[in-house]
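Excluded from the calculations below are hydrogen atoms, water molecules and symmetry mates; all remaining heavy atoms, backbone and side chain alike, are included. Below, chains carry the letters A, B, ... as their sequence lines are ordered, and counting in each starts from 1.
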Number of protein chains: 2
Amino acid sequence: MDNGGPGELLRILRDGRPRTRADLAGITGLGRAAISSRLEPLLKLGLVVPVSDAASTGGRPSARLAFNPGARLVAAADVGATHATVALTDLSGRIVRETTERLEISCGPEAVLDWLAMTLQGHLETKKRPATDIIAVGIGLPGPVEHSTGKPTSPPIMPGWDGFDVPAYVQQTFDVPVLVDNDVNLMALGERATRWPNEDNMIFLKVATGIGSGVVSGGILQRGAAGVAGDVGHIAVSRAAGIQCRCGKTACLEAIAGAPAVAAQLRENGLEATTGNDVVSLVRSGDLAAIQAVRQAGRDIGEMLNMCVSFINPSLIVVGGSLAQSGEHLIAGIRETVYARSTPLATQHLNITQSATGPEAGVVGASILAVEYALAPQRVNDFATRLHPGGHQNTGDLQNVELIAQSSPTAP
Amino acid sequence: MDNGGPGELLRILRDGRPRTRADLAGITGLGRAAISSRLEPLLKLGLVVPVSDAASTGGRPSARLAFNPGARLVAAADVGATHATVALTDLSGRIVRETTERLEISCGPEAVLDWLAMTLQGHLETKKRPATDIIAVGIGLPGPVEHSTGKPTSPPIMPGWDGFDVPAYVQQTFDVPVLVDNDVNLMALGERATRWPNEDNMIFLKVATGIGSGVVSGGILQRGAAGVAGDVGHIAVSRAAGIQCRCGKTACLEAIAGAPAVAAQLRENGLEATTGNDVVSLVRSGDLAAIQAVRQAGRDIGEMLNMCVSFINPSLIVVGGSLAQSGEHLIAGIRETVYARSTPLATQHLNITQSATGPEAGVVGASILAVEYALAPQRVNDFATRLHPGGHQNTGDLQNVELIAQSSPTAP
DNA sequence: TGGCTTTCGTCAGTCAATCAGCAAAAGTCT
DNA sequence: AGACTTTTGCTGATTGACTGACGAAAGCCA
């Protein structure tokens, strides 16, 4: 129905399932000949490859074609306050090679982005892939970003980054599309792509030093007017009344349920804890006070989530971040409050669960963001038609086609 | 760039500004001949009409073409708890004829929808327009609606409506697309279309007997997983702690800031007030207690909106509903709380304002919903191509073309 | 009124995309 | 090994949409 050139075919095949030409003809309503001609540029580019043939039904077995995530690369980065991760991923978001290093974001954009580019070059050399294999770059930053321009806006913890043109700087090294977004937004995208591909109304909540969220509603990531949608850490909750937050206000959720706050509570009980990981260790060791503190943090977070559930009516809430690693205690507190308080209509199909993606959620999300952009049907069509400049004698420079990895998706 | 047949041209012209063929050629990048051929079906259908020619620059003046909202009709209905409004509107959402009547929604779907269809038939006769001029129907209902199917889901105040197939029933009379949605969602659409056409991140808040909202984020109306997005009336606020709400829970915003709650407070002060309109009258008469009560309601609402602002980062909040009619007092209370509490990044470009659309906001929104659906480029293309069944000899039944109103949009 | 300028509608030609049919290829089955 | 079945790539034909150009139309100006 939705006739859209090779890009449309790739969109269909990107679910990873191999299909025969006849399958594709059936799905699109086109003839087999049209499918073949549309498939040609995708095969040339290596984006689609033949995999093991289907079982014969008596005659010649039909060749099955599948999306080849290894055809090109995407560079993904997750820059945190004190650490940065860069990764080379394939077109399915799978990490090919990854480096995490201690790096203060306060070093400024040039230093951080230079390190990023340098590390990526190293990855490319190790993997013996040319820089031209990279088709896009995705970057997550720990603050508000105007996604359309890729510029951070008034970030509280990123001195020197305000208004810095990240894409322009990165493109001096890699002349491809550069997508920048808030790191929690990217974690939401990563979690969604990895485990909840068809979830159109979800909230990804990160509970660590800060508390933030990424909101996917109506099937698209919501960034808001200034790129600060999902900034739920400084919503007021009742138990925080009067407590001072680092943001200058009082009663903020973060001030009682953020990792430092929970750790501080434990210190009052004579326990040793400063970071979220310390808290998690105590919980895992079975310390009752720690368990109770985490569960209470869950309840406080639940008070805030209650409002989000009423407001945007999601069908899924995924909780991640360091504090979420403490087994089910945080989630239990959240569920307790949300299911008790919210309206039945909003909660009857609401699933609250723990993030399964580990610390690499950020880079995976950055990769997804970049891949989604680069492999959007319209863009693929441009790419594919540029392959046939004048007629049928194809002389476009098909560099690197022989380098394509033969990752062969298996049958369902 | 976005080549899309006649529908694309109509999309451009729907802003109401008349354009010459050369203008359109410039905008689309197509030749004049292509424009003319694409224009032909639109002219045949009457959706586009020539208006006063542009000033001549020495030679033949170019004909200016404009969208003709009067070419077809849309039926729009806003069904409230105790009253219903039906209207015939043109394709710009302008009301052609309207009827409001006392009608209990508890009479059940058949009775209400029959009245609706009957009244519309009367409108059509009065305006001497055939029923075939109606290209879509939009209906707003005071409860949760699964928009994709048009069925109400567990509505609290609509006995007999749960799961009723509204579109199927209405299509027995008018065999056109029937779009159903929550009434507050439609008010949001109406307000947006009427006054904020390019606002992609807005919240429309209705403060009346109940408190609800319609959320437009990322440029699209957010309905959530179960169609109950924007249901903010039962979010907990601090001042309502312990107060029983009609929903069965306590601490709901509605229980202290809804119109009945405010009226009850005034009665405690010895004033006579039961409905929102009573409260508004008292405020307008300058009663200090009433003014203070409304302002306090604004503050309570502001506490809730604070969370919404942090969460979804809108650039506009429009406040409507009966309590919003009391001058600026409600808004003042809202602003006081929101601007004091929310983060600078979220509020620096946030506009909080009063609804300018009157009680007809609901029908206008219903009309917009139906028009947007019916005049979506893809649908217009279908419609237009069906006009040329085989080649160029156009013999499609062009009924009612002579009935088209000559509403002539004026130049900017 | 007649000449000039500019736009409008039409027509044939071009180009890309798709389809139908066919021969070759690649299997299975006896 | 040979007959049979089914897929594949190719070719010419058809379709649909757009371009470019031309004469007609419609207004200014003298």
Side-chain angles (χ1 to χ4, degrees), chain A residues 1-9 18-44 48-65 377 380-382 384-394, chain B residues 1-9 18-44 48-66 377-378 380-382 384-394:
Chain A
M1 303 293 132
D2 196 341
N3 255 10
E8 184 64 18
L9 280 188
R19 280 173 240 262
T20 69
R21 288 177 172 79
D23 287 344
L24 292 169
I27 293 171
T28 58
L30 273 60
R32 284 169 291 277
I35 294 291
S36 276
S37 85
R38 285 183 171 189
L39 229 32
E40 193 198 16
L42 298 177
L43 288 163
K44 281 254 164 66
V48 169
V49 288
V51 295
S52 61
D53 290 355
S56 165
T57 56
R60 173 176 178 173
S62 52
R64 295 197 304 174
L65 304 158
V380 171
N381 285 346
D382 284 7
T385 50
R386 217 172 303 137
L387 220 59
H388 302 253
H392 273 255
Q393 68 286 19
N394 165 15
Chain B
M1 304 294 132
D2 197 342
N3 257 8
E8 185 63 17
L9 280 189
R19 280 174 242 261
T20 68
R21 288 176 171 79
D23 287 345
L24 292 169
I27 293 171
T28 57
L30 273 61
R32 283 171 293 277
I35 295 291
S36 277
S37 86
R38 285 181 173 193
L39 229 31
E40 194 197 15
L42 297 177
L43 288 164
K44 282 253 165 65
V48 169
V49 287
V51 294
S52 62
D53 289 355
S56 166
T57 56
R60 173 176 179 173
S62 52
R64 296 198 303 175
L65 303 158
Q378 167 206 346
V380 171
N381 284 347
D382 284 8
T385 50
R386 218 172 301 139
L387 220 58
H388 302 252
H392 273 252
Q393 68 285 17
N394 166 16

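- One interatomic measurement links the two molecules: CD1 of A:I35 to P of C:dA20, which rounds to 14 Å at whole-angstrom precision.
- Between the CZ atom of B:R64 and the P atom of D:dA26 there is a distance of 19 Å, given to the nearest Å.
- A straight line from CD of A:E40 to P of C:dA16 spans 15 Å, rounded to a whole angstrom.
- Per the geometry, CG belonging to A:L24 stands 14 Å off P belonging to D:dT7, to the nearest Å.
- Checked by distance alone, A:R60 brings no side-chain donor or acceptor within 3.5 Å of a matching partner on the base of D:dT6.
- At least one side-chain heavy atom of B:P50 sits less than 4.5 Å from a side-chain heavy atom of B:L43.
- The side chain of B:P61 lies closest to D:dG27, out of D:dT7, D:dG20, D:dG27.
- Using a 4.0 Å heavy-atom criterion, one finds that A:A34 contacts the sugar-phosphate atoms exclusively.
- Taking 4.5 Å as the limit, some side-chain heavy atom of A:L39 sits within range of a side-chain heavy atom of A:L24.
- Here the CZ atom belonging to B:R64 is positioned 9.0 Å from the OG1 atom belonging to B:T20, to the nearest 0.5 angstrom.
- Closest heavy-atom contact between B:V51 and B:A66: CG1-CB, 4.0 Å.
- A close approach under 4.0 Å does not occur between any side-chain nitrogen or oxygen of B:S36 and OP1 or OP2 of C:dC8.
- When rounded to the nearest whole Å, the span between CZ of A:R32 and C1' of C:dC19 equals 10 Å.
- Between the CG atom of B:L43 and the C1' atom of C:dC8 there is a distance of 12 Å, rounded to whole Å.
- Residue A:E8 contributes atom CD, which lies 16 Å from atom P of C:dA17 at whole-angstrom precision.
- Applying the 4.0 Å criterion to OP1 and OP2 of C:dA17, one finds that A:R38 has every side-chain N and O outside that range.
- The residue A:R21 sits close only to the backbone: its heavy atoms come under 4.0 Å of sugar-phosphate atoms, none of a base.
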